[in-house]
**Student:** 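Right, I'll just put the structure down here and ask away after.
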There are 2 protein chains.
Amino acid sequence: MRVSRIQAEENRQTVIDVASRLFREHGFDGIGLKDLMKGAGLTQGAFYKQFQSKDDLAAQASRRALESAFGRWSAAADPQDPLGAVIAFYLSMGHRQERMDGCPVVALGSDVARQSVDVKASFEAGIKNYLEMLGRWIGETDGEDSTDKSMAILSTMVGALVLSRAVNNKRLSKRFLQAAAKSVSMTSSASVAQQGSLE
Amino acid sequence: MRVSRIQAEENRQTVIDVASRLFREHGFDGIGLKDLMKGAGLTQGAFYKQFQSKDDLAAQASRRALESAFGRWSAAADPQDPLGAVIAFYLSMGHRQERMDGCPVVALGSDVARQSVDVKASFEAGIKNYLEMLGRWIGETDGEDSTDKSMAILSTMVGALVLSRAVNNKRLSKRFLQAAAKSVSMTSSASVAQQGSLE
DNA sequence: ATTATCTATAGATCTATAGATAATGC
DNA sequence: ATTATCTATAGATCTATAGATAATGC
């Protein structure tokens, strides 16, 4: 029944991967250790040789989820119009539907407020990465308050998706995403728009 | 042990009130019927004469929470500058800290995606009220896309608070709220600002 | 007679631990 | 000899139900 160290480490990583998806799907309180381990092809008994507690896994799975989300942003970012490309997939009905692989801030944001310092630290690190990336895409025009803009844009994107998932009406869901896309485009090019209106 | 119909109805309302606050504090899955009923001064056994299921209570408590939040918006809205007044209390560190009495979309938004149609219906109705109110405050200038603006503003406000609660760093929390306030002000007066830049 | 609430309990599930097992690593 | 995983279990908690109780409402 024992397994090599390498295999054991691989199992650990699998558990974290699986948890990062299942927590997003069911919430931190919505799934138990038994099902988390089963998702990785293991039994519950193996859990505490790999993790200190459920909260410990929550913190590591959160970190993994945010890293994965960051990777998707990087992959989607078209060099020509990176922000536009990210908006196109983030503020889409497809993203609204795929909770398990979608943005962890949307899927777990409300819950994180109730979680441990460690879980919040995972989210904080991931959120800072989002902001840095956004800042690189929009910041070059005016410099000074590009962080403020990045924060506002991220807020709008996260909020729109949360709201979009909180209502039954699909049309309303879609409108939230479209309205946010429009607003984010305007915010990101605010100084350009003002220059434009001076012509 | 029996109680008059009037008292029973009063108890029912108390349970809904208490649940609307305790769900916001602990999440739908984070608190059990025993503690919810204890909060209303009753025992668990009385629950199923008043509600069909925990989900039934969740839907009613959600409705109540959103009504209460709407009331706070109305109360805060200064006739001179209603949006400014609401922004001032909504995007504040005070609101960030008071999960139990704060906006239910922020406190439960991520969880709602996983809840029943009934819970979502409660949220949808409340969200529509928010939008209507915002539309009245900002819509008169350009009319046409005032709903889009309201949606973008609500998204930014909700997202900023979710993000603000998801990080440990208080300074970062505050910056999210401030950046959102700035952005919302600009969005709400977008046409005015463009006119201004033409002078 | 009806019924709102109580105590008690069923049956499931939760986190965490204990001890057995069988393969690894020295 | 060590240890990663397994089965089994402790003890708590969860939702929901059953039956008793005592006051209301007719």
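Throughout, protein chains are lettered first and strands after them, A, B, ... in sequence-line order, and every chain is numbered starting at 1.
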**Student:** Select one nucleotide: of dA4(D), dT24(D), dT5(C), the one nearest the side-chain heavy atoms of Lys49(A).
**Tutor:**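 The listed nucleotide nearest to Lys49(A)'s side chain is dA4(D).
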**Student:** Take atom NZ of Lys34(A) and atom P of dT5(D), then tell me their distance rounded to the nearest Å.
**Tutor:**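 Roughly 19 Å, once rounded to whole Å.
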**Student:** Which of the following nucleotides, dA23(D), dA16(D), dA4(D), is nearest to the side chain of Ser53(B)?
**Tutor:**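 Closest of the options to the side chain of Ser53(B): dA16(D).
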**Student:** Could you tell me whether Lys54(B) contacts a base, only the sugar-phosphate backbone, or nothing, with contacts defined as non-hydrogen atoms closer than 4.0 Å?
**Tutor:**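 Sugar-phosphate contact only.
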**Student:** Base, sugar-phosphate or nothing for Gly32(B)? Non-hydrogen atoms, less than 4.0 Å.
**Tutor:**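 Since only primed, P, OP1 and OP2 atoms lie under 4.0 Å of Gly32(B), the category is sugar-phosphate.
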**Student:** Rounding to an integer number of Å, can you tell me how far Phe47(A) CZ sits from dT9(D) P?
**Tutor:**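 About 22 Å, once rounded to whole Å.
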**Student:** Decide, yes or no, whether a salt bridge links Arg63(B) with Glu67(B) under the criterion of side-chain N to carboxylate O below 4.0 Å.
**Tutor:**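 Yes, this pair counts.
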**Student:** Heavy atoms only, 4.0 Å cut-off, all strands: where does Thr43(B) land among base, sugar-phosphate and nothing?
**Tutor:**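 Result for Thr43(B) = base.
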**Student:** Any strand counts, and the cut-off is 3.5 Å on both contacts for Watson-Crick or G-U wobble. Which nucleotide pairs with dA22(C)?
**Tutor:**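 dT3(D) - that is the nucleotide pairing with dA22(C), both distances being under 3.5 Å.
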**Student:** Just compare dT5(D), dC14(C), dA16(D) and give me whichever is closest to any side-chain atom of Tyr48(B).
**Tutor:**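 Nucleotide nearest to Tyr48(B)'s side chain: dA16(D).
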**Student:** Considering Watson-Crick and G-U wobble pairs with both distances under 3.5 Å, what does dC14(D) pair with?
**Tutor:**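 dC14(D) is paired, partner dG11(C).
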**Student:** What's the closest nucleotide to the Gln44(A) side chain, out of dA16(C), dC14(C), dA4(C)?
**Tutor:**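 When the side chain of Gln44(A) is considered, dA16(C) is the closest of dA16(C), dC14(C), dA4(C).
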**Student:** Contact class for Gln50(A) (heavy atom, under 4.0 Å): base, sugar-phosphate, or nothing?
**Tutor:**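 Sugar-phosphate only.
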**Student:** What nucleotide, of dC14(C), dG25(D), dT5(C), holds the atom closest to the side chain of Arg5(B)?
**Tutor:**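 The answer is dG25(D).
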**Student:** Quickly work out the Asn11(B) CG to dT5(C) P distance and round it to whole Å.
**Tutor:**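 These atoms are roughly 5 Å apart.
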